[in-house]
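Quick note on labels: first sequence line is chain A, next is B, and so on, each numbered from 1. Worth saying up front: this structure is predicted, and the values here are computed from it rather than measured.
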Amino acid sequence: VLGMSIAYFFSFLGLLLAYSCRKK
Amino acid sequence: MVVFRFLDWLWLVIFIALMIVCGTLFYRLGKRSMSDFFLAGRGLPWWLPASSVYATHSATDTPMWVSGVIYQYGLRGIWYTFFSAWCAISAFASTRIFRRSLAYTQAEWQTLRFSGLGAELLRGWIAGWQVFMNMFVLGWVGIAMGKVCQFLFGWPEWLGLILFSSLCAVYVLTAGYWGVVMADFQQGVIAFSVIIIVSIWGIVAAGGPQGIMNKLESLGQSWRLNPFAFSGVTSGEFPLAWFLTMLVIALIGGFGMGTSIDWYPEAQRIQSAKTVRDASYSIWAGSALIVVRNSLWAVAILAFFSLYPNIQSTAEYEMAWYRLGFEFLPVGLVGFFFAAIVAIHLSTISTHLNLGASYATRDLYHHYFKPKASEKELVWVGRISTLILLIGSFFYGLMMQEITQWLIFAIWIMTAGIWLPSILQVIWWRFNSWGYLSSWIANLGLSWLIVWILPEFHVIPQLPDYLRFWIMMILGFLIYIPVTFLTPTEDMDRLVKYYVMSRPIGWWKPVREEAERRGLLRSNYEQREGK
């Protein structure tokens, strides 16, 4: 119920992509 | 194994052609803009998104799941399906607030409610999670269809998964959400009609309601007719504590956004309705249909139990409702029944293909990669995202069945830790983006601790689900509330703009007073005096 961490990994990728905004 | 006659094949081919043509016909509307491709231009009357809510939440694995809990627990098993009652509350609370915000997606809503870097990080976080979750749900529902086809025709599992998901992708790729919602309406009508026919047919085959009750009594199984047959306050397989926890999660959850995994497809339907009132009616009516459907299924499964009372294997009794249809319907209607199963399946697949693509296109590509992209380009990105989700779902369905099993359990735990913060973000002005983000991250750590690490090292015993929910909620609260108060409040300009636009309920007094001071809202005194 490791499975949750896999889903969180994708969330973290989205968060990294957002972090596009740091210069702004 | 089921043998199809000419009439059965005829039903099936006509229905599949009708579904695909019906969806594809809306190609011209779907390609006009991103708003059309993902929200049907926000112009739908309430009954269209309502039928879509109902059709989306009827998947091929749904009758298997309902059959499982009713066969195992009797009529009290129907409470497992009562989680959808959050929609009845939400229809008049969070649904109205969300529709007024005009956010395309729940991820976008985070940047309307919150401000600064924290809001952006939350948007990326939820968009990444939703792209993955939709791909996963597609694999999970797709492999369920593969299993149904294997049960019926002896096909290998991959054939049912790939064939029907690909057929569905035809109209989702061409017409986007216009195709999804129009096909959903037609599929919803077919599915609901067949659910009524098969369930009543099964009940009659078992001797009608009186016959079922007499049979259960003779088997010494009358307790199965009592939906409140609790096994104790905290003991046994159906404790009162679980029931009360479920009621709290379902009913209070309606005041939040994201308190249930179902919120995300519902949010798309809410935004596609043409007015706030249409959005409310659509969510309420769609979930009312779901509750009626579950009740019909429950009685039909009791009928099945009275006919076949001694099945031990879960995999076998989960097929109860399907068996009622295929064993008792006359020749000719069997093809009609399978066409309805295909309708039930396609309506769920189409929604998750389009929903996952909306997060990839609107939140990840348009917002972070290319804010100046043209509408035409965004529609094409939507189509490419749909295709990637489709291929990804084959991968999940076929290659990672074990992970699929993990995640089904994980979904429940995942929403446990963020249930309360998902409500707080709607009803409390002071709750900020860092508080909400910390609740998500704390949820992962707490889940590892409560679900695996502490029980594994015998620090605490293995706990029942409902107790895990309360413990994780309290421990999470002790983390995200201090984080909220140790970090700054959201920018007041943003809060006022959000308040005036969305009119949230709950504790928003400082923001409301500021909006009145700026002349953006009339005060209660002015309203009374008619100024």
Side-chain angles (χ1 to χ4, degrees), chain A, chain B residues 107 110-111 116-136 261 356 359-360 363-365 367-371 392 396 400 402-418 437 440-441 443-448 450-452 465 468:
Chain A
V1 165
L2 271 176
M4 190 172 164
S5 303
I6 293 167
Y8 266 64
F9 170 72
F10 281 81
S11 289
F12 189 66
L13 288 182
L15 183 139
L16 282 181
L17 173 65
Y19 176 73
S20 303
C21 297
R22 63 177 177 159
K23 279 183 185 170
K24 182 177 156 187
Chain B
Q110 306 297 331
T111 51
L117 185 60
E120 295 290 354
L121 296 182
L122 263 178
R123 184 172 184 168
W125 177 274
I126 288 181
W129 183 63
Q130 271 298 297
V131 169
F132 167 77
M133 284 307 290
N134 280 290
M135 201 185 292
F136 158 69
I261 197 83
Y359 281 92
D363 295 302
L364 298 178
Y365 185 83
H367 187 67
Y368 292 123
F369 266 125
K370 203 172 174 186
Y396 279 112
M400 303 170 81
E402 200 174 339
I403 286 179
T404 301
Q405 285 176 344
W406 299 352
L407 267 162
I408 290 169
F409 292 107
I411 284 172
W412 196 88
I413 293 293
M414 197 145 34
T415 47
I418 55 160
L437 192 57
W440 274 85
I441 293 164
N443 189 34
L444 181 65
L446 289 173
S447 299
W448 270 97
I450 303 298
V451 177
W452 189 69
D465 278 354
R468 281 178 187 168

Non-hydrogen atoms of S5(A) and L444(B) that approach each other most closely: OG-CD1, 3.8 Å

Residue pair Y368(B) / R123(B), side-chain heavy-atom distance below 4.5 Å: yes

Interface moiety of W452(B) toward chain A, non-hydrogen atoms closer than 4.5 Å: neither

Segment of I126(B) engaging chain A (4.5 angstrom heavy-atom cut-off): neither

Min side-chain heavy-atom separation S447(B)-N443(B) under 4.5 Å: yes

Toward chain A, the part of L117(B) with a non-hydrogen atom under 4.5 Å: side chain

W129(B) and W440(B) aromatic ring geometry - parallel, tilted or perpendicular at 30°/60° bounds: perpendicular

Atom group of F369(B) that falls short of 4.5 Å from chain A, counting heavy atoms: side chain

